[in-house]
Engineer: 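Sending over a structure as structure tokens; questions will come in a sec.
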Amino acid sequence: MPEGHTIHRLAHDYAARFSGTAPRVTSPQGKFSDAADLLDRAVLTATEAHGKHLFLRFRDADWVHIHLGLFGKVAFGDAPAPPPTDTVRLRLAHDTAYVDLRGPTTCALIPEQEKRAIHDRLGPDPLRDDADSAAAYRRISRSRTTIAALLMDQKVIAGVGNVYRAEVLFRHQIDPYRPGKDITPTEWDAIWTDLVDLMRQGVRHNRIDTVRPEHTPEAMGRPPRADDHGGEVYVYRRANQPCHICGGDIRTADLAARNLFWCPTCQRD
């Protein structure tokens with residue numbers, strides 16, 4: 001599932017190509033046809049992301065709510081748009097560009113009130129200007145749940161997925177099994193600040209890189225990481241490989257139905 005930086009990048013890309021225009025809006029697949037008919041030739045006035053939720057506003061208050069889920073994909077292209085396949089849930093197109101949405105978990109036309117309810121049930125997003133890191137810490141500091149599970153709980157903090165969760169805990173040498181109540185305010189401030197920086201880099205570069213300059217392939221004389229994920233990381237998907245810092249084996253385990261990755265030597269409380 002895409003992490004929050006990807007959704008913020010999509011909000012930026014939709015705005016860059018379609019903001020202020022009145023695109024053709026269609027649903028070749030048919031599942032969004034009624035809403036597409038209502039939005040066709042309406043002006044796209046805003047785009048917004050909160051965690052893993054993307055919002056496109058047409059006119060003054062007609063919001064398209066998109067959640068990609070596990071299988072959703074967005075593809076941009078230059079005009080002329082090719083004939084759409086019947087897997088395209090939502091297409092926007094005008095004289096210079098088009099964008100196709102395929103396979104989302106959610107693609108729905110919602111009113112402002114429903115949009116606000118979605119925001120209200122999400123935790124603060126490190127990439128949003130209105131994010132309140134203290135609100136996340138209040139929930140974390142009262143919980144006996146592991147910090148690794150809390151970071152993945154979108155009600156606690158929105159947008160963090162498996163990669164950022166594993167990497168930020170490694171970068172701050174925190175045992176992923178430590179209860180949230182044992183995370184100090186100083187540790188939380190450092191985690192939050194790091195997430196803001198790492199995720200902003202993710203938006204800019206459209207990939208996740210978390211290793212510090214002294215641990216890059218060039219600095220260490222090691223081969224670049226070969227993985228579909230692409231970025232340079234410390235522990236994510238590196239089970240049984242040597243830690244870049246201590247040389248010990250990276251471990252993996254199941255936690256809340258997701259694979260957790262960590263270094264038991266570097267992340268020892």
Engineer: Supply the atom-to-atom distance Ile157 CD1 to Arg139 CZ, rounded to the nearest 0.5 angstrom.
Structural biologist: 12.0 Å

Engineer: Give a yes or no on whether Val25 and Tyr98 share a hydrophobic cluster (residues Ile, Leu, Val, Met, Phe, Trp, Tyr; joining criterion: side-chain heavy atoms under 4.5 Å apart).
Structural biologist: no

Engineer: Would Thr105 and Leu70 count as a side chain to side chain contact (heavy atoms under 4.5 Å, CB included) if you check the C-alpha gap in whole Å, the side-chain angles of each, and the deciding distance to 0.1 Å?
Structural biologist: CA-CA 8 Å; Thr105 296; Leu70 291 174; over 6 Å; no

Engineer: Taking 4.0 angstrom as the limit, do Arg178 and Glu187 come out as a salt bridge?
Structural biologist: yes

Engineer: Nearest heavy-atom pair of Ala75 and Arg102: which atoms, and what distance?
Structural biologist: CB-NH1, 4.5 Å

Engineer: Could you state the interatomic distance from CG (Leu39) to CZ (Arg57), rounded to the nearest 0.5 Å?
Structural biologist: 13.0 Å

Engineer: Consider side chain to side chain donor-acceptor pair (under 3.5 Å). Of His53, Glu114, Lys115, which one does His65 pass it with?
Structural biologist: His53

Engineer: Could you tell me the separation between the CD1 atom of Ile208 and the CD atom of Gln201, rounded to the nearest 0.5 Å?
Structural biologist: 11.0 Å

Engineer: Determine whether the aromatic ring centres of residues Tyr164 and His5 are separated by less than 6.0 angstrom.
Structural biologist: yes

Engineer: Is there a side-chain contact between Pro28 and Asp86 in this structure, where contact means two heavy atoms from C-beta onward sitting under 4.5 Å apart?
Structural biologist: no

Engineer: Please report the closest heavy-atom contact between Asp125 and Ala131, naming both atoms and the distance.
Structural biologist: O-CB, 3.0 Å

Engineer: Do Ser27 and Arg91 have side chains that approach each other closer than 4.5 Å (heavy atoms only, starting at C-beta)?
Structural biologist: no

Engineer: Rounded to the nearest 0.5 Å, what separation is found between the CE atom of Met199 and the OG1 atom of Thr6?
Structural biologist: 9.0 Å

Engineer: Which atom names give the shortest non-hydrogen contact between Ser143 and Thr145, and what distance separates them?
Structural biologist: OG-N, 3.0 Å

Engineer: Do the side chains of Arg171 and Asp194 get close enough for a salt bridge, i.e. N-O under 4.0 angstrom?
Structural biologist: yes

Engineer: Would you say Glu48's side chain and Leu56's backbone share a donor-acceptor pair under 3.5 angstrom?
Structural biologist: no

Engineer: Side chains of Phe32 and Val64, heavy atoms from C-beta outward: is any pair under 4.5 Å?
Structural biologist: yes

Engineer: Locate the shortest heavy-atom distance separating Thr184 from Tyr137; write the atom from each residue and the value.
Structural biologist: C-OH, 3.4 Å

Engineer: Does Lys31 offer a backbone N or O that forms a donor-acceptor pair with the side chain of Arg89 under 3.5 Å?
Structural biologist: no

Engineer: Start with the C-alpha distance between Ser141 and Trp188, add both sets of side-chain angles, then the distance that settles side chain to side chain contact (heavy atoms under 4.5 Å, CB included), and finish with yes or no.
Structural biologist: CA-CA 9 Å; Ser141 64; Trp188 175 247; over 6 Å; no

Engineer: Supply the atom-to-atom distance Lys181 NZ to Ile147 CD1, rounded to the nearest 0.5 angstrom.
Structural biologist: 12.5 Å

Engineer: List the atom of Pro213, the atom of Ala219, and the distance in Å for their closest heavy-atom pair.
Structural biologist: O-CB, 3.3 Å

Engineer: Whether the side chain of Glu3 engages the backbone of Val163 through a donor-acceptor N/O pair (distance < 3.5 Å, no angle test) should be reported.
Structural biologist: yes

Engineer: Output the distance between atom CZ (Arg128) and atom CG (Leu122), rounded to the nearest 0.5 Å.
Structural biologist: 9.0 Å

Engineer: Is Ile66 close to Thr106 at the side-chain level, that is, under 4.5 Å between some pair of heavy atoms?
Structural biologist: no

Engineer: Using distance only, find each side-chain donor-acceptor pair of residues 250-267 under 3.5 Å and give its atom names and separation, not counting sequence neighbours.
Structural biologist:
unit_1: Thr252; atom_1: OG1; unit_2: Leu260; atom_2: O; d: 3.0
unit_1: Gln267; atom_1: OE1; unit_2: Cys263; atom_2: N; d: 2.9
unit_1: Gln267; atom_1: NE2; unit_2: Ile174; atom_2: O; d: 2.9

Engineer: Determine whether Val99 and Leu109 fall in the same hydrophobic cluster, where Ile, Leu, Val, Met, Phe, Trp and Tyr are linked whenever their side-chain heavy atoms lie under 4.5 Å apart.
Structural biologist: yes

Engineer: Of all the heavy-atom pairs spanning Pro179 and Arg144, show the shortest one and how long it is.
Structural biologist: CB-O, 3.7 Å

Engineer: Using modelled atom types only, decide if a donor and an acceptor are shared between the side chain of His94 and the backbone of Thr96 within a distance under 3.5 Å.
Structural biologist: yes

Engineer: Using 30° and 60° as the class boundaries, would you call the ring planes of Trp63 and Phe55 parallel, tilted or perpendicular?
Structural biologist: perpendicular

Engineer: Examine distances only and state if a side-chain atom of Thr47 and a backbone atom of Ala11 form a donor-acceptor pair shorter than 3.5 Å.
Structural biologist: yes

Engineer: Got a sec, which residues hit ring-ring contact (aromatic ring centres under 6.0 Å, His included) with His244, two or more places apart in sequence or on another chain?
Structural biologist: none

Engineer: Does atom CG of Asp34 have more than 12 heavy-atom neighbours from other groups under 6.0 Å away?
Structural biologist: no

Engineer: Hey, does Asp209 have a side-chain heavy atom less than 4.5 Å from the side chain of Val233?
Structural biologist: no

Engineer: Applying the side-chain contact (heavy atoms from CB on, under 4.5 Å) test to Leu151, which of Val156, Leu169, Thr146 qualifies?
Structural biologist: Leu169

Engineer: Going through the distances and angles, do Phe58 and Thr45 end up as a side chain to side chain contact (heavy atoms under 4.5 Å, CB included)?
Structural biologist: CA-CA 5 Å; Phe58 292 83; Thr45 53; 5.7 Å; no

Engineer: Determine, step by step, whether His50 and His8 satisfy the side chain to side chain contact (heavy atoms under 4.5 Å, CB included) criterion, reporting the C-alpha distance in whole Å, the side-chain angles of both residues, the deciding distance to 0.1 Å, and the verdict.
Structural biologist: CA-CA 8 Å; His50 189 159; His8 280 265; over 6 Å; no

Engineer: Examine distances only and state if a side-chain atom of Thr21 and a backbone atom of Phe18 form a donor-acceptor pair shorter than 3.5 Å.
Structural biologist: yes

Engineer: Between Ile183 and Leu198, is there a shared hydrophobic cluster once you connect ILVMFWY residues whose side-chain heavy atoms come closer than 4.5 Å?
Structural biologist: yes

Engineer: Do the non-hydrogen side-chain atoms of Leu92 and Leu90 ever get within less than 4.5 Å of each other?
Structural biologist: yes

Engineer: Can you get from Val168 to Ile140 by hopping between Ile, Leu, Val, Met, Phe, Trp and Tyr side chains that sit under 4.5 Å apart?
Structural biologist: yes

Engineer: Between Ile7 and Leu68, is any pair of side-chain heavy atoms under 4.5 Å apart?
Structural biologist: yes

Engineer: Is the CD atom of Glu214 crowded by more than 12 outside heavy atoms at less than 6.0 Å?
Structural biologist: yes

Engineer: Taking the basic N atoms (NZ, or NE/NH1/NH2) and the acidic carboxylate oxygens, is any pair closer than 4.0 Å for Arg222 and Glu232?
Structural biologist: yes

Engineer: Look at the side chain of Arg238 and the backbone N and O of Tyr234, then say whether any donor-acceptor pair between them is shorter than 3.5 Å.
Structural biologist: yes

Engineer: Answer yes or no: is there a side-chain heavy-atom contact under 4.5 Å between Arg268 and Asp175?
Structural biologist: no

Engineer: Kindly write out the residues that satisfy salt bridge (charged side-chain N to carboxylate O under 4.0 Å, His left out) with Asp40, not counting sequence neighbours, or none if the list is empty.
Structural biologist: Arg24

Engineer: Please check if the side chain of Glu112 supplies one atom and the backbone of Asp62 the other of a donor-acceptor pair under 3.5 Å.
Structural biologist: no

Engineer: For a side-chain contact (heavy atoms from CB on, under 4.5 Å) with Arg200, tell me which candidate from Asp197, Val203, Val196 qualifies.
Structural biologist: Val196

Engineer: Any chance the rings of Tyr14 and Phe76 have centres within less than 6.0 Å?
Structural biologist: yes

